[in-house]
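We number each residue from 1, following the sequence as shown.
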Amino acid sequence: FSQLKSRYKLLYHRNKLIISLLIYQALTTSELVKLKIKNIDVEQGTIYIPRSHRLNARTLELRAVQLDHAYHYICMDRNQLLKQSTDQLLITKTGNEESGEGISYLVSTLRSSIKNNKVTPQLIRQSVITNFLSSGTDLRIVQVFAGHKKPSATEKYRQTNLEKLRSSIE
């Protein structure tokens, strides 16, 4: 992120917040795009993810470093980026509402520093959910965390992990 900080100073905290929401809360790109400022409660240390047609609403805890980036971005940088009034959380460097393309681009810029250079926001989410399941976290807890409406949606991540195990045994 050091190169991003000097290149797009006002996007530094926003970008750190985006990456951390992908990694720690396993948010989808569409969930990130739909976030409003009111969805982050810095005092409570939580983020509310509204429901969509595919995923349930949920409130997740934020880590301290995420709160720092969220506070700095919302209270300082975001206002300087804004070109028009909006309650959408993520704003682009041109001052418009984030549509999702910038999130994918941000992840793609980090590929050179990651072993799997095919990493995408979706792959990050899948990896986080799979890691929770493989570490023994209860299926229902992971289901709520991921926002899955049905346990079978979460179960697929466990099955994917089993397939990898089977292929490595063979």
Side-chain angles (χ1 to χ4, degrees), residues 1-42 45-132 142 145-149 153-154 157 160:
F1 277 112
S2 58
Q3 70 272 21
L4 294 176
K5 187 170 187 173
S6 62
R7 192 168 173 200
Y8 302 115
K9 185 178 178 192
L10 292 177
L11 297 181
Y12 177 74
H13 292 283
R14 181 200 83 133
N15 291 347
K16 292 283 270 189
L17 179 61
I18 289 170
I19 295 299
S20 71
L21 289 170
L22 290 169
I23 294 171
Y24 297 126
Q25 284 77 27
L27 299 187
T28 66
T29 301
S30 62
E31 287 175 326
L32 285 167
V33 167
K34 292 176 185 173
L35 285 175
K36 307 292 183 201
I37 294 174
K38 67 180 180 182
N39 295 134
I40 293 187
D41 187 337
V42 177
T46 60
I47 184 166
Y48 173 75
I49 314 302
R51 81 174 185 87
S52 68
H53 67 284
R54 298 183 68 201
L55 299 170
N56 286 328
R58 59 211 185 273
T59 300
L60 301 172
E61 288 186 30
L62 294 169
R63 296 182 181 210
V65 68
Q66 290 179 288
L67 291 169
D68 182 51
H69 291 301
Y71 178 80
H72 196 282
Y73 169 67
I74 292 169
C75 294
M76 296 177 227
D77 301 340
R78 185 179 176 280
N79 292 331
Q80 293 179 53
L81 288 167
L82 272 178
K83 296 248 168 108
Q84 59 191 17
S85 179
T86 180
D87 63 344
Q88 186 168 332
L89 177 65
L90 299 177
I91 304 300
T92 66
K93 69 179 180 182
T94 60
N96 300 311
E97 295 179 348
E98 178 61 62
S99 65
E101 292 175 16
I103 295 167
S104 295
Y105 176 75
L106 173 62
V107 171
S108 74
T109 63
L110 302 174
R111 286 181 181 156
S112 62
S113 61
I114 301 171
K115 281 184 180 181
N116 178 357
N117 63 3
K118 296 178 183 174
V119 68
T120 63
Q122 182 181 8
L123 187 61
I124 294 171
R125 175 177 166 80
Q126 292 168 346
S127 181
V128 170
I129 294 168
T130 300
N131 285 338
F132 271 127
V142 178
F145 170 80
H148 293 148
K149 292 186 177 184
T154 311
Y157 289 90
T160 301

(message) Would you compute the distance between atom CG of L67 and atom CD1 of I40 and round it to the nearest 0.5 angstrom?
(response) 8.5 Å

(message) Can you list everything that forms a side-chain hydrogen bond (donor to acceptor under 3.5 Å, both in side chains) with S85? Sequence neighbours excluded, please.
(response) none

(request) Specify the closest pair of heavy atoms between L22 and L27, including all atoms of both residues, with the distance to one decimal. (result) CD2-O, 3.4 Å

(request) Give the C-alpha distance, both sets of side-chain angles, the deciding distance and a yes or no for side-chain contact (heavy atoms from CB on, under 4.5 Å) between L21 and L62. (result) CA-CA 9 Å; L21 289 170; L62 294 169; 3.9 Å; yes

(message) By the side-chain hydrogen bond (donor to acceptor under 3.5 Å, both in side chains) test, which pairs, at least two apart or in different chains, include something from residues 61-71?
(response) H13-H69, S20-Q66, Q25-Q66

(request) Take I124 and I23, measure what side-chain contact (heavy atoms from CB on, under 4.5 Å) needs, and give me the verdict at the end. (result) CA-CA 6 Å; I124 294 171; I23 294 171; 4.2 Å; yes

(message) Please report the interatomic distance OG(S108) to CD(E101), rounded to the nearest 0.5 Å.
(response) 11.5 Å

(request) List in chain and number order the residues that pass side chain to side chain contact (heavy atoms under 4.5 Å, CB included) with N56, two or more places apart in sequence or in another chain; answer none if no residue qualifies. (result) K149

(request) Measure from the side-chain N and O atoms of N131 to the backbone N and O of S127, and report whether any donor-acceptor pair falls under 3.5 Å. (result) yes

(message) Just to verify, what does E98 make a side-chain hydrogen bond (donor to acceptor under 3.5 Å, both in side chains) with, not counting sequence neighbours?
(response) R14

(message) Quick check for you: to the nearest 0.5 Å, what is the distance between T46 atom OG1 and D41 atom CG?
(response) 4.5 Å

(message) Using every non-hydrogen atom in the two residues, find where D77 and K9 come nearest and quote the distance to one decimal.
(response) OD2-O, 4.4 Å

(request) Working to the nearest 0.5 Å, report the span between CZ of R125 and OG1 of T29. (result) 10.0 Å

(request) Kindly write out the residues that satisfy side chain to side chain contact (heavy atoms under 4.5 Å, CB included) with N79, not counting sequence neighbours, or none if the list is empty. (result) L82

(message) Can you tell me how far apart CG (N15) and CG (L106) are? Round to the nearest 0.5 Å.
(response) 4.5 Å

(request) Taking all heavy atoms of T92 and all of L81, pick out the closest pair and write down the distance. (result) O-CD2, 3.9 Å

(message) Could you tell me if the side chain of L35 sits less than 4.5 Å from the side chain of L32, heavy atoms only?
(response) yes

(message) Going by side chain to side chain contact (heavy atoms under 4.5 Å, CB included), name the residues that satisfy it together with Y48, two or more places apart in sequence or in a different chain.
(response) N39, P50, A57, T59

(message) Rounded to the nearest 0.5 Å, what separates atom CD1 in I19 from atom OH in Y24?
(response) 11.0 Å

(message) Show the nearest heavy-atom pair for residues Y73 and I91, with the distance to one decimal.
(response) OH-N, 2.9 Å

(request) With sequence neighbours left out, write down each residue that passes side chain to side chain contact (heavy atoms under 4.5 Å, CB included) with S104, or none if nothing qualifies. (result) P121

(message) Could you check whether any side-chain heavy atom of L89 comes within less than 4.5 Å of a side-chain heavy atom of I74, counting everything from C-beta outward?
(response) yes

(message) Can you list everything that forms a side-chain hydrogen bond (donor to acceptor under 3.5 Å, both in side chains) with E97? Sequence neighbours excluded, please.
(response) T86

(request) Would you confirm whether Q80, through its side chain, and L10, through its main-chain N or O, come within 3.5 Å as a donor-acceptor pair? (result) no

(message) Would you say that H148 contacts I129 through its side chain, given a criterion of any heavy-atom pair below 4.5 Å between the two side chains?
(response) yes

(message) Which residues pass the side-chain hydrogen bond (donor to acceptor under 3.5 Å, both in side chains) test with R58, not counting sequence neighbours?
(response) E31

(message) With heavy-atom distances below 4.5 Å as the criterion, would you say the side chains of I49 and I47 are in contact?
(response) yes

